[in-house]
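Note on naming: letters A, B, ... go to the chains in the order of the sequence lines (proteins, then strands), and numbering restarts at 1 for each one. In this text, all values refer to a predicted model and were calculated from it rather than measured experimentally.
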2 protein chains.
Amino acid sequence: MASSSRSAHQEQDATSSAPPAGHGAAHAPETHALRALGSASTDASAALARRMAMNPTDLAAMSHIAYAADPLGPRELSSRLGITPAAMTDVVDRLEAAGHLLRERDTNDRRRVRLLATESANEEVRRELRELLDMLDAITDDFTPTERAAIQRYLAAATDAYRRYAENPEPNP
Amino acid sequence: MASSSRSAHQEQDATSSAPPAGHGAAHAPETHALRALGSASTDASAALARRMAMNPTDLAAMSHIAYAADPLGPRELSSRLGITPAAMTDVVDRLEAAGHLLRERDTNDRRRVRLLATESANEEVRRELRELLDMLDAITDDFTPTERAAIQRYLAAATDAYRRYAENPEPNP
DNA sequence: GTCATATGTTTAGGTAGTCGAAATACTTCG
DNA sequence: CGAAGTATTTCGACTACCTAAACATATGAC
(Lines give C-alpha, C1' and ligand atoms only; values in the text may rest on other atoms or scores of the structure.)
Protein backbone atom coordinates (compact mmCIF):
# COMPACT_ATOMS: atom_id res chain seq x y z
CA MET A 1 0.00 0.00 0.00
CA ALA A 2 1.28 3.42 -0.89
CA SER A 3 1.62 4.83 2.61
CA SER A 4 -0.67 7.57 3.72
CA SER A 5 -0.70 9.52 0.48
CA ARG A 6 -3.47 8.36 -1.73
CA SER A 7 -4.17 11.09 -4.21
CA ALA A 8 -7.76 10.31 -5.05
CA HIS A 9 -10.46 9.86 -2.48
CA GLN A 10 -12.11 6.87 -4.02
CA GLU A 11 -11.41 3.32 -3.10
CA GLN A 12 -11.71 0.17 -5.10
CA ASP A 13 -14.31 -2.31 -3.98
CA ALA A 14 -15.57 -4.98 -6.25
CA THR A 15 -18.82 -5.62 -4.45
CA SER A 16 -19.87 -2.02 -4.66
CA SER A 17 -18.25 -0.60 -7.71
CA ALA A 18 -20.16 -0.55 -10.91
CA PRO A 19 -23.60 0.82 -11.58
CA PRO A 20 -25.91 -1.57 -13.38
CA ALA A 21 -26.14 -0.66 -17.04
CA GLY A 22 -29.16 -2.17 -18.63
CA HIS A 23 -27.61 -5.61 -18.49
CA GLY A 24 -30.73 -7.35 -17.32
CA ALA A 25 -29.45 -7.10 -13.75
CA ALA A 26 -32.64 -6.00 -12.01
CA HIS A 27 -31.59 -6.46 -8.44
CA ALA A 28 -33.49 -5.11 -5.48
CA PRO A 29 -33.06 -1.40 -4.78
CA GLU A 30 -31.75 -2.33 -1.35
CA THR A 31 -29.06 -4.42 -2.97
CA HIS A 32 -27.87 -1.52 -5.08
CA ALA A 33 -28.04 0.76 -2.08
CA LEU A 34 -25.94 -1.72 -0.15
CA ARG A 35 -23.23 -1.63 -2.76
CA ALA A 36 -23.18 2.14 -2.76
CA LEU A 37 -23.04 2.05 1.00
CA GLY A 38 -20.07 -0.28 0.97
CA SER A 39 -18.21 1.98 -1.39
CA ALA A 40 -18.98 5.06 0.68
CA SER A 41 -18.00 3.30 3.87
CA THR A 42 -14.63 2.33 2.45
CA ASP A 43 -14.07 5.89 1.27
CA ALA A 44 -14.91 7.22 4.72
CA SER A 45 -12.41 4.85 6.27
CA ALA A 46 -9.73 6.06 3.89
CA ALA A 47 -10.64 9.67 4.62
CA LEU A 48 -10.37 9.04 8.31
CA ALA A 49 -6.92 7.54 7.85
CA ARG A 50 -5.87 10.49 5.74
CA ARG A 51 -7.02 12.95 8.37
CA MET A 52 -4.93 11.23 10.96
CA ALA A 53 -1.96 10.89 8.65
CA MET A 54 -1.84 7.12 8.92
CA ASN A 55 -2.29 4.36 6.45
CA PRO A 56 -5.53 2.40 6.80
CA THR A 57 -3.95 -0.61 8.46
CA ASP A 58 -2.24 1.45 11.12
CA LEU A 59 -5.43 3.32 11.84
CA ALA A 60 -7.40 0.11 12.09
CA ALA A 61 -4.85 -1.14 14.59
CA MET A 62 -5.16 2.04 16.66
CA SER A 63 -8.90 1.78 16.49
CA HIS A 64 -8.86 -1.74 17.87
CA ILE A 65 -6.49 -0.75 20.61
CA ALA A 66 -8.46 2.34 21.51
CA TYR A 67 -11.64 0.37 22.06
CA ALA A 68 -10.24 -2.85 23.47
CA ALA A 69 -11.10 -3.68 27.05
CA ASP A 70 -7.71 -5.21 27.88
CA PRO A 71 -4.35 -4.48 26.29
CA LEU A 72 -3.84 -6.38 23.06
CA GLY A 73 -0.67 -8.00 21.79
CA PRO A 74 0.71 -8.14 18.27
CA ARG A 75 -0.54 -11.64 17.64
CA GLU A 76 -4.13 -10.93 18.60
CA LEU A 77 -4.09 -7.71 16.60
CA SER A 78 -2.61 -9.31 13.52
CA SER A 79 -5.36 -11.88 13.41
CA ARG A 80 -8.01 -9.22 13.90
CA LEU A 81 -6.60 -7.21 11.02
CA GLY A 82 -6.02 -10.17 8.77
CA ILE A 83 -2.30 -9.67 8.38
CA THR A 84 0.65 -11.82 9.42
CA PRO A 85 2.42 -11.32 12.73
CA ALA A 86 5.50 -10.25 10.79
CA ALA A 87 3.57 -7.47 9.13
CA MET A 88 2.16 -6.57 12.51
CA THR A 89 5.64 -5.92 13.81
CA ASP A 90 6.10 -3.31 11.10
CA VAL A 91 2.77 -1.71 11.96
CA VAL A 92 3.69 -1.51 15.63
CA ASP A 93 7.12 -0.16 14.75
CA ARG A 94 5.50 2.62 12.75
CA LEU A 95 2.98 3.47 15.43
CA GLU A 96 5.57 3.40 18.17
CA ALA A 97 7.88 5.64 16.15
CA ALA A 98 4.99 8.05 15.62
CA GLY A 99 4.42 8.19 19.36
CA HIS A 100 0.96 6.66 19.19
CA LEU A 101 1.88 3.49 20.98
CA LEU A 102 4.07 1.88 23.62
CA ARG A 103 5.37 -1.65 23.77
CA GLU A 104 5.38 -3.19 27.21
CA ARG A 105 6.55 -6.69 28.09
CA ASP A 106 3.98 -8.65 29.99
CA THR A 107 5.39 -9.42 33.42
CA ASN A 108 3.48 -12.67 33.88
CA ASP A 109 4.16 -14.19 30.50
CA ARG A 110 7.32 -12.58 29.27
CA ARG A 111 6.81 -13.83 25.73
CA ARG A 112 3.94 -11.43 25.39
CA VAL A 113 4.03 -7.76 24.47
CA ARG A 114 1.19 -5.50 25.47
CA LEU A 115 0.43 -2.58 23.21
CA LEU A 116 -0.57 0.54 25.04
CA ALA A 117 -1.89 3.55 23.19
CA THR A 118 -0.67 6.89 24.45
CA GLU A 119 -3.48 8.91 25.94
CA SER A 120 -3.26 11.55 23.23
CA ALA A 121 -3.52 8.93 20.50
CA ASN A 122 -6.48 7.28 22.20
CA GLU A 123 -8.27 10.56 22.47
CA GLU A 124 -7.54 11.51 18.89
CA VAL A 125 -8.84 8.24 17.53
CA ARG A 126 -11.99 8.36 19.63
CA ARG A 127 -12.60 12.00 18.78
CA GLU A 128 -12.23 11.51 15.02
CA LEU A 129 -14.31 8.38 15.04
CA ARG A 130 -16.99 9.95 17.13
CA GLU A 131 -17.53 12.70 14.60
CA LEU A 132 -18.44 10.08 12.06
CA LEU A 133 -20.43 7.90 14.42
CA ASP A 134 -22.46 10.83 15.65
CA MET A 135 -23.46 11.61 12.10
CA LEU A 136 -24.65 8.07 11.70
CA ASP A 137 -26.50 8.15 15.00
CA ALA A 138 -28.36 11.27 13.93
CA ILE A 139 -29.88 9.46 10.99
CA THR A 140 -32.04 7.33 13.21
CA ASP A 141 -33.97 10.39 14.42
CA ASP A 142 -36.01 10.28 11.26
CA PHE A 143 -37.40 6.83 11.90
CA THR A 144 -40.09 5.38 14.08
CA PRO A 145 -39.25 2.57 16.51
CA THR A 146 -41.00 0.10 14.23
CA GLU A 147 -39.00 1.26 11.25
CA ARG A 148 -35.81 1.14 13.25
CA ALA A 149 -36.52 -2.45 14.20
CA ALA A 150 -36.89 -3.36 10.54
CA ILE A 151 -33.70 -1.50 9.66
CA GLN A 152 -31.75 -3.30 12.33
CA ARG A 153 -33.12 -6.62 11.21
CA TYR A 154 -32.15 -5.84 7.63
CA LEU A 155 -28.64 -4.72 8.51
CA ALA A 156 -28.04 -7.87 10.52
CA ALA A 157 -29.28 -10.05 7.69
CA ALA A 158 -27.13 -8.27 5.12
CA THR A 159 -24.07 -8.56 7.34
CA ASP A 160 -24.76 -12.22 7.73
CA ALA A 161 -25.09 -12.70 3.98
CA TYR A 162 -21.76 -11.00 3.35
CA ARG A 163 -20.13 -13.10 6.05
CA ARG A 164 -21.55 -16.31 4.69
CA TYR A 165 -20.30 -15.42 1.27
CA ALA A 166 -16.86 -14.45 2.57
CA GLU A 167 -16.43 -17.56 4.63
CA ASN A 168 -17.63 -20.03 2.07
CA PRO A 169 -15.06 -22.22 0.40
CA GLU A 170 -14.81 -21.75 -3.35
CA PRO A 171 -18.09 -23.03 -4.75
CA ASN A 172 -16.70 -23.71 -8.23
CA PRO A 173 -14.19 -26.56 -8.74
CA MET B 1 -0.78 -4.83 -1.87
CA ALA B 2 0.22 -8.43 -1.51
CA SER B 3 -1.24 -9.76 -4.73
CA SER B 4 -4.03 -12.27 -4.56
CA SER B 5 -2.77 -14.27 -1.62
CA ARG B 6 -4.06 -12.86 1.60
CA SER B 7 -3.82 -15.58 4.18
CA ALA B 8 -6.50 -14.43 6.57
CA HIS B 9 -10.01 -13.65 5.50
CA GLN B 10 -10.43 -10.56 7.55
CA GLU B 11 -9.84 -7.08 6.33
CA GLN B 12 -8.84 -3.99 8.16
CA ASP B 13 -11.37 -1.19 8.27
CA ALA B 14 -11.13 1.55 10.79
CA THR B 15 -14.77 2.55 10.64
CA SER B 16 -15.96 -0.92 11.41
CA SER B 17 -13.31 -2.56 13.44
CA ALA B 18 -13.52 -2.43 17.17
CA PRO B 19 -16.39 -3.38 19.41
CA PRO B 20 -17.25 -0.73 21.97
CA ALA B 21 -15.89 -1.71 25.35
CA GLY B 22 -17.70 0.08 28.08
CA HIS B 23 -16.03 3.33 27.10
CA GLY B 24 -19.16 5.42 27.40
CA ALA B 25 -19.69 5.00 23.66
CA ALA B 26 -23.41 4.27 23.57
CA HIS B 27 -24.10 4.72 19.90
CA ALA B 28 -27.26 3.68 18.15
CA PRO B 29 -27.63 -0.05 17.43
CA GLU B 30 -27.91 0.83 13.76
CA THR B 31 -24.55 2.55 13.94
CA HIS B 32 -22.88 -0.50 15.36
CA ALA B 33 -24.65 -2.68 12.82
CA LEU B 34 -23.38 -0.39 10.09
CA ARG B 35 -19.81 -0.85 11.20
CA ALA B 36 -20.18 -4.61 11.27
CA LEU B 37 -21.75 -4.43 7.84
CA GLY B 38 -18.84 -2.45 6.47
CA SER B 39 -16.39 -4.97 7.78
CA ALA B 40 -18.36 -7.88 6.37
CA SER B 41 -18.74 -6.14 3.04
CA THR B 42 -15.00 -5.60 2.76
CA ASP B 43 -14.39 -9.22 3.63
CA ALA B 44 -16.84 -10.34 0.97
CA SER B 45 -15.05 -8.22 -1.59
CA ALA B 46 -11.75 -9.80 -0.68
CA ALA B 47 -13.29 -13.25 -0.82
CA LEU B 48 -14.67 -12.54 -4.26
CA ALA B 49 -11.24 -11.46 -5.44
CA ARG B 50 -9.69 -14.58 -3.99
CA ARG B 51 -12.19 -16.79 -5.75
CA MET B 52 -11.36 -15.24 -9.05
CA ALA B 53 -7.62 -15.33 -8.37
CA MET B 54 -7.21 -11.60 -8.75
CA ASN B 55 -6.15 -8.87 -6.43
CA PRO B 56 -8.94 -6.54 -5.28
CA THR B 57 -7.94 -3.68 -7.55
CA ASP B 58 -7.90 -5.83 -10.65
CA LEU B 59 -11.26 -7.31 -9.78
CA ALA B 60 -12.74 -3.89 -9.16
CA ALA B 61 -11.50 -2.85 -12.58
CA MET B 62 -13.09 -5.88 -14.21
CA SER B 63 -16.28 -5.24 -12.34
CA HIS B 64 -16.48 -1.69 -13.65
CA ILE B 65 -15.76 -2.85 -17.16
CA ALA B 66 -18.25 -5.66 -17.00
CA TYR B 67 -21.11 -3.36 -16.06
CA ALA B 68 -20.15 -0.25 -18.01
CA ALA B 69 -22.47 0.80 -20.78
CA ASP B 70 -19.68 2.00 -23.09
CA PRO B 71 -16.07 0.84 -23.24
CA LEU B 72 -13.91 2.57 -20.66
CA GLY B 73 -10.35 3.77 -21.02
CA PRO B 74 -7.50 3.62 -18.53
CA ARG B 75 -7.87 7.23 -17.48
CA GLU B 76 -11.56 6.96 -16.65
CA LEU B 77 -11.01 3.69 -14.85
CA SER B 78 -8.09 4.99 -12.83
CA SER B 79 -10.15 7.86 -11.50
CA ARG B 80 -13.02 5.51 -10.66
CA LEU B 81 -10.69 3.26 -8.72
CA GLY B 82 -8.79 6.04 -7.04
CA ILE B 83 -5.38 5.12 -8.40
CA THR B 84 -3.03 6.97 -10.72
CA PRO B 85 -3.03 6.39 -14.47
CA ALA B 86 0.46 4.95 -14.11
CA ALA B 87 -0.82 2.30 -11.72
CA MET B 88 -3.73 1.69 -14.07
CA THR B 89 -1.33 0.71 -16.82
CA ASP B 90 -0.02 -2.09 -14.61
CA VAL B 91 -3.51 -3.23 -13.78
CA VAL B 92 -4.44 -3.39 -17.45
CA ASP B 93 -1.17 -5.16 -18.23
CA ARG B 94 -2.00 -7.83 -15.68
CA LEU B 95 -5.56 -8.27 -16.85
CA GLU B 96 -4.53 -8.39 -20.50
CA ALA B 97 -1.82 -10.95 -19.74
CA ALA B 98 -4.39 -13.04 -17.89
CA GLY B 99 -6.65 -12.97 -20.92
CA HIS B 100 -9.44 -11.08 -19.20
CA LEU B 101 -9.07 -7.98 -21.25
CA LEU B 102 -8.20 -6.52 -24.65
CA ARG B 103 -6.70 -3.14 -25.42
CA GLU B 104 -8.11 -1.53 -28.51
CA ARG B 105 -7.08 1.85 -29.88
CA ASP B 106 -10.01 4.14 -30.43
CA THR B 107 -10.29 4.84 -34.14
CA ASN B 108 -11.77 8.30 -33.74
CA ASP B 109 -9.40 9.63 -31.11
CA ARG B 110 -6.27 7.61 -31.44
CA ARG B 111 -4.90 8.80 -28.12
CA ARG B 112 -7.55 6.76 -26.41
CA VAL B 113 -7.48 3.08 -25.55
CA ARG B 114 -10.71 1.20 -25.08
CA LEU B 115 -10.68 -1.68 -22.66
CA LEU B 116 -12.77 -4.61 -23.78
CA ALA B 117 -13.43 -7.52 -21.48
CA THR B 118 -13.30 -10.92 -23.11
CA GLU B 119 -16.68 -12.58 -23.11
CA SER B 120 -15.53 -15.33 -20.75
CA ALA B 121 -14.23 -12.79 -18.25
CA ASN B 122 -17.43 -10.79 -18.42
CA GLU B 123 -19.48 -13.86 -17.77
CA GLU B 124 -17.29 -14.98 -14.90
CA VAL B 125 -17.46 -11.63 -13.16
CA ARG B 126 -21.19 -11.37 -13.56
CA ARG B 127 -21.74 -14.95 -12.48
CA GLU B 128 -19.64 -14.62 -9.31
CA LEU B 129 -21.15 -11.28 -8.45
CA ARG B 130 -24.64 -12.50 -9.06
CA GLU B 131 -24.26 -15.24 -6.49
CA LEU B 132 -23.63 -12.60 -3.88
CA LEU B 133 -26.21 -10.16 -5.14
CA ASP B 134 -28.89 -12.81 -5.25
CA MET B 135 -28.24 -13.58 -1.60
CA LEU B 136 -28.73 -9.92 -0.81
CA ASP B 137 -31.88 -9.72 -2.91
CA ALA B 138 -33.38 -12.63 -1.03
CA ILE B 139 -33.19 -10.75 2.24
CA THR B 140 -35.88 -8.34 1.17
CA ASP B 141 -38.46 -11.12 1.02
CA ASP B 142 -38.81 -10.90 4.77
CA PHE B 143 -39.95 -7.29 4.76
CA THR B 144 -43.15 -5.50 3.96
CA PRO B 145 -43.21 -2.74 1.35
CA THR B 146 -43.43 -0.15 4.11
CA GLU B 147 -40.46 -1.60 5.89
CA ARG B 148 -38.52 -1.77 2.66
CA ALA B 149 -39.16 1.89 2.05
CA ALA B 150 -37.75 2.74 5.45
CA ILE B 151 -34.75 0.52 4.86
CA GLN B 152 -34.02 2.15 1.54
CA ARG B 153 -34.35 5.56 3.07
CA TYR B 154 -31.96 4.61 5.83
CA LEU B 155 -29.38 3.12 3.50
CA ALA B 156 -29.42 6.24 1.35
CA ALA B 157 -28.99 8.48 4.37
CA ALA B 158 -26.12 6.41 5.73
CA THR B 159 -24.39 6.40 2.36
CA ASP B 160 -24.79 10.13 2.23
CA ALA B 161 -23.31 10.55 5.70
CA TYR B 162 -20.27 8.46 4.81
CA ARG B 163 -19.83 10.42 1.59
CA ARG B 164 -20.11 13.76 3.34
CA TYR B 165 -17.54 12.66 5.86
CA ALA B 166 -15.22 11.34 3.18
CA GLU B 167 -15.41 14.43 1.06
CA ASN B 168 -15.03 16.95 3.83
CA PRO B 169 -11.76 18.79 4.09
CA GLU B 170 -9.87 18.21 7.33
CA PRO B 171 -12.00 19.80 10.03
CA ASN B 172 -9.13 20.24 12.51
CA PRO B 173 -6.31 22.68 11.74
C1' DG C 1 15.63 -30.73 36.73
C1' DT C 2 15.98 -31.14 31.95
C1' DC C 3 14.34 -31.96 27.48
C1' DA C 4 10.65 -31.62 23.94
C1' DT C 5 7.12 -29.11 22.28
C1' DA C 6 4.25 -25.07 21.84
C1' DT C 7 3.50 -20.11 21.62
C1' DG C 8 4.62 -14.97 21.01
C1' DT C 9 7.58 -11.85 18.73
C1' DT C 10 11.11 -10.34 15.75
C1' DT C 11 14.51 -10.59 11.90
C1' DA C 12 15.89 -11.25 7.07
C1' DG C 13 15.06 -11.33 2.39
C1' DG C 14 12.00 -10.91 -1.35
C1' DT C 15 7.75 -9.56 -4.04
C1' DA C 16 4.22 -6.72 -5.80
C1' DG C 17 1.28 -2.71 -6.16
C1' DT C 18 1.56 1.99 -6.16
C1' DC C 19 3.46 6.68 -6.79
C1' DG C 20 5.67 10.99 -9.10
C1' DA C 21 7.82 12.72 -12.96
C1' DA C 22 9.11 12.47 -17.53
C1' DA C 23 8.51 10.62 -22.16
C1' DT C 24 5.52 9.51 -26.06
C1' DA C 25 1.57 9.81 -29.07
C1' DC C 26 -2.08 12.03 -30.69
C1' DT C 27 -5.66 15.94 -31.05
C1' DT C 28 -7.35 20.62 -31.35
C1' DC C 29 -7.17 25.29 -32.05
C1' DG C 30 -5.04 29.81 -33.18
C1' DC D 1 2.21 24.84 -39.06
C1' DG D 2 3.15 25.33 -34.31
C1' DA D 3 1.45 25.57 -29.45
C1' DA D 4 -1.01 23.85 -25.99
C1' DG D 5 -3.80 20.19 -24.17
C1' DT D 6 -5.07 15.27 -23.20
C1' DA D 7 -4.35 10.03 -23.05
C1' DT D 8 -1.21 6.59 -22.16
C1' DT D 9 3.07 4.51 -21.05
C1' DT D 10 7.86 4.17 -19.21
C1' DC D 11 11.13 4.65 -15.50
C1' DG D 12 12.93 4.57 -10.98
C1' DA D 13 11.75 4.49 -6.27
C1' DC D 14 9.16 3.41 -2.16
C1' DT D 15 6.59 0.66 1.10
C1' DA D 16 3.39 -2.58 2.92
C1' DC D 17 3.10 -7.09 2.87
C1' DC D 18 4.55 -12.06 2.66
C1' DT D 19 7.27 -16.58 3.84
C1' DA D 20 10.63 -18.75 6.32
C1' DA D 21 13.56 -18.89 9.95
C1' DA D 22 15.44 -17.31 14.32
C1' DC D 23 14.89 -16.09 19.04
C1' DA D 24 12.73 -15.94 23.68
C1' DT D 25 9.89 -17.73 26.96
C1' DA D 26 6.45 -21.05 28.82
C1' DT D 27 4.59 -25.67 29.80
C1' DG D 28 4.40 -30.44 30.49
C1' DA D 29 6.53 -35.30 30.49
C1' DC D 30 9.66 -38.08 32.23
Side-chain angles (χ1 to χ4, degrees), chain A residues 1-12 14 46 49-50 53-61 70-98 101-116, chain B residues 1-12 14 46 49-50 53-62 71-98 101-116:
Chain A
M1 197 161 281
S3 98
S4 52
S5 60
R6 260 253 158 82
S7 56
H9 295 190
Q10 297 216 76
E11 280 294 315
Q12 77 288 7
R50 220 178 319 115
M54 301 185 195
N55 75 46
T57 303
D58 292 5
L59 174 60
D70 302 311
L72 300 170
R75 178 149 198 87
E76 166 71 13
L77 251 185
S78 71
S79 80
R80 288 205 197 185
L81 301 183
I83 63 180
T84 61
M88 197 65 229
T89 295
D90 287 348
V91 172
V92 175
D93 284 348
R94 287 193 292 267
L95 292 173
E96 195 175 29
L101 208 55
L102 260 71
R103 278 180 168 99
E104 196 188 70
R105 279 279 164 196
D106 188 306
T107 43
N108 292 0
D109 183 343
R110 295 185 40 71
R111 291 171 303 183
R112 283 190 162 81
V113 168
R114 305 191 309 162
L115 302 173
L116 305 173
Chain B
M1 197 162 279
S3 96
S4 51
S5 60
R6 261 257 160 77
S7 56
H9 295 190
Q10 297 215 76
E11 281 295 315
Q12 77 289 12
R50 220 178 320 115
M54 302 184 193
N55 74 49
T57 303
D58 293 5
L59 174 59
M62 286 309 300
L72 301 170
R75 182 153 196 86
E76 166 71 12
L77 251 185
S78 71
S79 80
R80 289 205 198 185
L81 300 183
I83 64 180
T84 61
M88 197 66 230
T89 296
D90 287 348
V91 172
V92 175
D93 283 349
R94 287 192 294 267
L95 292 173
E96 194 174 30
L101 207 56
L102 260 70
R103 277 181 167 98
E104 194 188 71
R105 279 280 164 195
D106 188 307
T107 43
N108 292 0
D109 184 343
R110 293 185 41 71
R111 290 171 303 183
R112 284 190 161 81
V113 168
R114 306 190 308 164
L115 302 173
L116 305 172

Grab the [atom1]-[atom2] distance between [X] and [N] for me, whole Å please.
{"X": "A:D90", "N": "D:dC18", "atom1": "CG", "atom2": "P", "result": "10 Å"}
{"X": "A:D106", "N": "C:dG8", "atom1": "CG", "atom2": "C1'", "result": "11 Å"}
{"X": "B:L72", "N": "D:dT8", "atom1": "CG", "atom2": "P", "result": "10 Å"}
{"X": "B:L77", "N": "D:dT8", "atom1": "CG", "atom2": "P", "result": "10 Å"}
{"X": "A:L115", "N": "C:dT9", "atom1": "CG", "atom2": "C1'", "result": "11 Å"}
{"X": "B:R112", "N": "D:dT9", "atom1": "CZ", "atom2": "C1'", "result": "16 Å"}
{"X": "B:L95", "N": "C:dG17", "atom1": "CG", "atom2": "P", "result": "11 Å"}
{"X": "A:M88", "N": "C:dT10", "atom1": "CE", "atom2": "C1'", "result": "13 Å"}

If you define the side chain from C-beta out and look only at heavy atoms, does anything of [X] sit under 4.5 Å from [Y]?
{"X": "A:P74", "Y": "A:P85", "value": "no"}
{"X": "B:E104", "Y": "B:V113", "value": "no"}
{"X": "B:I83", "Y": "B:V91", "value": "yes"}
{"X": "B:E96", "Y": "B:L115", "value": "no"}

Pick base, sugar-phosphate or nothing for [X], based on heavy-atom distances below 4.0 Å to the nucleic acid.
{"X": "A:R103", "result": "sugar-phosphate"}
{"X": "A:P74", "result": "sugar-phosphate"}
{"X": "A:A87", "result": "sugar-phosphate"}

*Positive for side-chain contact (heavy atoms from CB on, under 4.5 Å) with B:R114, one of B:T107, B:L72, B:D106*: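 That would be B:D106.
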
*Any side-chain N or O of B:R94 less than 4.0 Å from the OP1 or OP2 oxygen of C:dG17?*
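For C:dG17, OP1 or OP2 has a side-chain N or O of B:R94 closer than 4.0 Å.
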
*asked:* Please tell me if A:N55 has a side-chain N or O lying less than 4.0 Å from either OP1 or OP2 of D:dT15.
replied: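 For D:dT15, OP1/OP2 do not have a side-chain N/O of A:N55 under 4.0 Å.
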
Restricting both atoms to N or O, compile the protein contacts to nucleotides 24-30 of chain C shorter than 3.5 Å, with distance only.
unit_1 : atom_1 : unit_2 : atom_2 : d
C:dT27 : OP1    : B:R110 : N      : 3.3

Of the options [options], whose atoms approach the side-chain atoms of [X] most closely?
{"X": "A:V91", "options": "C:dT9, C:dT18, D:dC17", "result": "D:dC17"}
{"X": "B:A86", "options": "C:dT9, C:dA21, D:dA7", "result": "C:dA21"}
{"X": "A:T89", "options": "C:dT10, D:dT19, D:dT9", "result": "C:dT10"}
{"X": "A:T84", "options": "D:dA7, C:dT9, D:dC18", "result": "D:dC18"}
{"X": "A:I83", "options": "D:dT9, D:dA7, D:dC18", "result": "D:dC18"}

*Qualifying residues under side-chain hydrogen bond (donor to acceptor under 3.5 Å, both in side chains), relative to B:D93, sequence neighbours excluded*: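 B:R103.
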
*How close do B:M54 and B:L95 get, heavy atom to heavy atom, and via which atoms?*
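Where B:M54 meets B:L95 most closely, the heavy atoms are SD-CD2, 4.2 Å.
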
*Got a second to check how far B:R75's CZ is from B:M88's CE, nearest 0.5 Å?*
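Those atoms lie 12.5 Å apart.
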
